[in-house]
Amino acid sequence: MRTRISRGLAAALAVSALSLTAACGGGEKDDAAKSGADKSAAGATTSAAPTSAAPAAPLTDARMKAALLELKDLPSGWKATKHPDTPSAYTTDKPACKAFADMMGSGDIPGATKGPSADFALGNNDSEITERVAGFTGTGAADYLEQLSTSLDTCGAMTVEADGQKMKLSAKKRTAPQGTEEAIAFTLGLEVAPGMTIEPDFVFARQGNGVVRFMLLANAAGKKDFDQLAKKATDKFAKAAQG
């Protein structure tokens, strides 16, 4: 079995496809696929950095590249990897959640300039990171975060379908890191087979006209590192976005 999901909102799950393949054959990936979400985390949209009255300048290619984590930014044991994009078209049983399903497909955000991405793995892919930066013009970045937050509030549970396969999808907000103009964090739950759920953790953060998406897919032991790693990613992004 192989579930193909791109680097969109749930690009995370493009990475998780690798875990699913291993899980269907047994072994340590079963633990990663079945690990529970952080039940104690509370949802939050944060606002920490002061906003400027002047219009934010578009993110340059150099700033978007500087915003990404590098191997030197991570604790020992991590390695740089690269996962191919394998987009599928996603549909949902809830029309109000179409934007959410679209983000799981192509990964393209209308009106955004897709920036660079970075992928990392720990050990035998026990934990995996996917990060991507996008740039906007006008109020596009703020509008995108607002739409995403609304979708999460509206679409806590739904069914999505891709390549003829129906899957149950849930989303639960968790505490987002401080330090950017706004950020939201959540855990996705994708039931890829009866009794088998993949649960990556995400943070989306905005600084000026830029948005960073950070994802951690980990087993139960690795999930505890999400807050620290997400904070490191959003801090670096905020610094680069401000020039």
Inset, instruction - Not counting sequence neighbours, which residues clear side chain to side chain contact (heavy atoms under 4.5 Å, CB included) with Ala66? List them please. - result: Ala240
Do you see a donor-acceptor pair shorter than 3.5 Å between the side chains of [X] and [Y]?
X: Lys82; Y: Ser117; answer: yes
X: Ser149; Y: Lys173; answer: yes
X: Asp119; Y: Thr81; answer: no

Inset, instruction - Verify, without hydrogens or angle tests, whether Thr139 (side chain) and Ala142 (backbone) share a donor-acceptor contact under 3.5 angstrom. - result: no
Give the minimum heavy-atom separation between [X] and [Y], together with the two atoms involved.
X: Ala141; Y: Gly208; result: CB-O, 3.7 Å
X: Leu68; Y: Asp73; result: O-OD2, 4.2 Å
X: Lys94; Y: Met158; result: CD-CB, 4.1 Å
X: Glu182; Y: Arg206; result: OE2-NE, 2.6 Å

Legend entry - pair Phe204-Val211: side-chain heavy atoms closer than 4.5 Å: yes
Legend entry - Salt-bridge contact Lys65-Asp61 (side-chain N to carboxylate O under 4.0 Å): no
Legend entry - Whether Phe214 and Phe226 hold their rings parallel, tilted or perpendicular, with breakpoints at 30° and 60°: tilted
